[in-house]
Chemist: 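What follows is a single structure, and I will ask about it in a moment.
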Amino acid sequence: MPDSAPASAKTPRVRFAPSPTGFLHVGSARTFIFNWLYARHNRGTMVLRLDDTDVERNTEASLQSIFEGLRWLGLDWDEEYKQSERLAQHRRQAEAIFAKGLAYRDFTPAHTDSGEQSSAQGAWLFNPGMPELSREESDRRAASGEPFALRYRVPRGEGRTLSFTDSVYGEQSKLADEVEDFALLRSDGMPTYHLASCADDADLAITHIIRGQDHLTNTFKHLLIFEGLGASPPQFAHLPLLVAPDGAKLSKRRHGPVVSVTTYRDAGFLPRAFINFLCLLGWSPKDDREFMALDEIREAFTLENVNRSNAVVNFTEEDPFDPKAVWLNAEHIRALAVEELSRRLQPFFTQAGFEATPEKILAITPLIRERIKLLRDAVFAADFFFLKELAPYDPAELIPAKGGDAAMARRVLQYAQEVLATTSFDHDSLDQALRAAATRLGLKAGQAFQPIRVAVCGRKNAPPLFETMAVLGRETCIARIRQAEESLQSIV
RNA sequence: GGCGCUAUCGUCCAGGGGUUAGGACGUGAGAUUCUCAAUCUUAAAACCCGGGUUCGAUUCCCGGUAGCGCUACCA
């Protein structure tokens, strides 16, 4: 394909460009996912680029956290770059722009405030306090070693309109007069995000920039930079933002760990469920599908189907996860093969301090898979399989809820011990034996099973009785039932 | 303040000049089961406001309002 072909017609090269200034957050993860989906749907190339030009805020820990998050998601990329390694190149490119007369030196000291004050006072002038110097004076001061920032000389006053077609937001245009003289180089010589980003996008031959809508307005600056670089701009696609229930853009600072992907991982989200949830925020296959496998999503994914309004991630202090994310996770858990699910459960049991062998987990998994929404729920759902000693019984729970007393509960538990001593511990045998026992005691199954379930599991709500007992084994079951019975002696 | 973007149930996502405005999550009620869960049935729940255009606007246009974003030598 010739270079002159429109960017959108080439084999796509997309990039995900996080800046390592904190943990990987869900908004970034979603941007990564959309880029990945676009690349893989179109058999293109996925580039990971670390935008680490902010030396002040970059940390190694953050870098690790981002990789950790991306690895967990399990989506791959084809090439990897670091902006800091391309510093010299960026400076050369800035100088080239300067040499073309498209930028000028600004010797004004950097503002220490964030510019909010001046905005509030109505001073939104471009590059306030820095009338452009003559070239001679500029050269002289630069030669004398005075620090300066390099600013783009935005072509204002020419009636020029900057425009592009966004794949999501459509035709976008803005008067150049509305764009301020933004910085290309900081006074310490470091490139700004705008410069580094565009320079790399051009150098790496990125064809499609898929990023958050917070960059929509910045795109006009980027258009100017590409022009200065002598490169044709790629196709842009901006994604609606993820916002918190308070309406504000999801931010690490304001919303804390609930926006970190590691929070989801640690709670026991399945990566595929997490991806499924995020891709549905701002995109849909335009039919009623919601629970989708990754392949299904990839096949259905197009930028045309991305919508334009922000999506709120519905979390609260009590419940950090969007209910829909939780539901989708439960769906994905149930869709997993038992072997696979039990493998994923392992670390949660181990971390809880249980002696959980793969065999034992495999036996338990079918009993809890429909009862957990997050992987970590398994720890509570299955604790009695591992605990040597159950917490002291609550007599009130041992007594059947409907029409029963302590004496009756004792009778059930006594009789159960007898019966169980000779019953083989498989589902069908237990089913037969215990139902027969109930009948003999003149009780309904529900009544008779409650004391036994509580005795065996330590609580009223648990997985199906017979399967549970089969996994627990005769010895443990009888011991627990005896203990429960004894705990009732005091009140009978 | 300027500029830009957006506006359908509580939330997410469809729809679209004439519809009983659809699906999902969550919530309520019921069914079913040895409890819980799962499952099934069912209910409540929305087109921001005002003008146009039109025989007819929730849908198209304009304005307002609200929210968000950008307006840094952050990214």
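Below, all heavy atoms of this structure are taken into account, side chains as well, without hydrogens, waters or symmetry copies. Chain naming here is simple, since letters A, B, ... match the order of the sequence lines and numbering starts at 1 in each. Source: prediction; values computed, not measured.
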Chemist: Hey, is A:Arg156 close enough to A:Asp177 for a salt bridge, meaning N to O under 4.0 Å?
Modeler: no
Chemist: Taking atom types as they are modelled, is there a donor-acceptor pair under 3.5 Å from the base of B:rC73 to the side chain of A:Ser187?
Modeler: yes
Chemist: Do the side chains of A:Arg334 and A:Glu331 get close enough for a salt bridge, i.e. N-O under 4.0 angstrom?
Modeler: yes
Chemist: Side-chain N or O of A:Arg371 less than 4.0 angstrom from OP1 or OP2 on B:rC36?
Modeler: no
Chemist: Which residues in residues 317-327 of chain A have at least one heavy atom lying under 4.0 Å from any atom of RNA chain B?
Modeler: A:Pro323, A:Lys324, A:Trp327
Chemist: Would you say a side-chain N or O of A:Gln213 is under 4.0 Å from OP1 or OP2 of B:rC68?
Modeler: no
Chemist: Under the salt bridge (Lys or Arg N to Asp or Glu O under 4.0 Å) rule, collect the residues that match up with A:Asp52, sequence neighbours excluded.
Modeler: none
Chemist: May I have all residue pairs that pass ring pair (Phe, Tyr, Trp, His ring centres under 6.0 Å) and include part of residues 156-179 of chain A, sequence neighbours excluded?
Modeler: A:Phe164-A:Phe220, A:Phe164-A:Phe236
Chemist: Round to the nearest Å and state the distance from A:Arg369 atom CZ to B:rU39 atom P.
Modeler: 13 Å
Chemist: State which of B:rC73, B:rU39, B:rC34 makes the closest approach to the side chain of A:Ala149.
Modeler: B:rC73
Chemist: For residues A:Ser309 and A:Asn307, is any side-chain donor paired with an opposing acceptor at under 3.5 Å?
Modeler: no
Chemist: Taking side-chain contact (heavy atoms from CB on, under 4.5 Å) as the definition, give me every residue that meets it alongside A:Val258, ordered by chain and number, with sequence neighbours left out.
Modeler: A:His255, A:Phe315, A:Pro320
Chemist: Tell me the interatomic distance from A:Lys373, atom NZ, to B:rC25, atom C1', rounded to whole angstroms.
Modeler: 10 Å
Chemist: Under a 4.0 Å heavy-atom cut-off, which of residues 451-459 of chain A touch RNA chain B?
Modeler: A:Arg453
Chemist: Taking the minimum atom-to-atom distance to the side chain of A:Leu241, which one of B:rC34, B:rC68, B:rA14 wins?
Modeler: B:rC68
Chemist: Taking ring pair (Phe, Tyr, Trp, His ring centres under 6.0 Å) as the cut-off, I'd like each qualifying pair that reaches into residues 446-470 of chain A, sequence neighbours left out, listed once.
Modeler: A:His427-A:Phe466, A:Phe449-A:Phe466
Chemist: Enumerate the residues from residues 242-249 of chain A whose closest heavy atom to RNA chain B is under 4.0 Å, giving them by residue number; use none for an empty result.
Modeler: A:Gly247, A:Lys249
Chemist: Say you pick atom P in B:rG10 and the same atom in B:rA46; how far apart are they, in whole Å?
Modeler: 7 Å
Chemist: Check salt bridge (Lys or Arg N to Asp or Glu O under 4.0 Å) between A:Glu370 and all other residues, then give those that pass, not counting sequence neighbours.
Modeler: none
Chemist: Which of these nucleotides, B:rC5, B:rC12, B:rC70, is closest to any side-chain atom of A:Asn218?
Modeler: B:rC70
Chemist: Starting at NE2 of A:His222 and ending at P of B:rC70, how long is that distance when rounded to a whole Å?
Modeler: 12 Å
Chemist: Between the protein and nucleotides 64-66 of chain B, which nitrogen or oxygen pairs are less than 3.5 angstrom apart?
Modeler:
none

Chemist: Given the rule that a pair is Watson-Crick or G-U wobble with both distances under 3.5 Å, how would you write RNA chain B in dot-bracket, using | for pairs to a different strand?
Modeler: (((((((..((((....[...)))).(((((.......)))))....(((((..]....))))))))))))....
Chemist: For A:Thr365 and A:Arg344, does a side-chain donor sit closer than 3.5 Å to a side-chain acceptor?
Modeler: no
Chemist: Applying salt bridge (Lys or Arg N to Asp or Glu O under 4.0 Å), name anything that partners A:Lys373, two or more places apart in sequence or on another chain.
Modeler: none
Chemist: Salt bridge (Lys or Arg N to Asp or Glu O under 4.0 Å) with A:Arg160: which residues, sequence neighbours excluded?
Modeler: A:Glu227
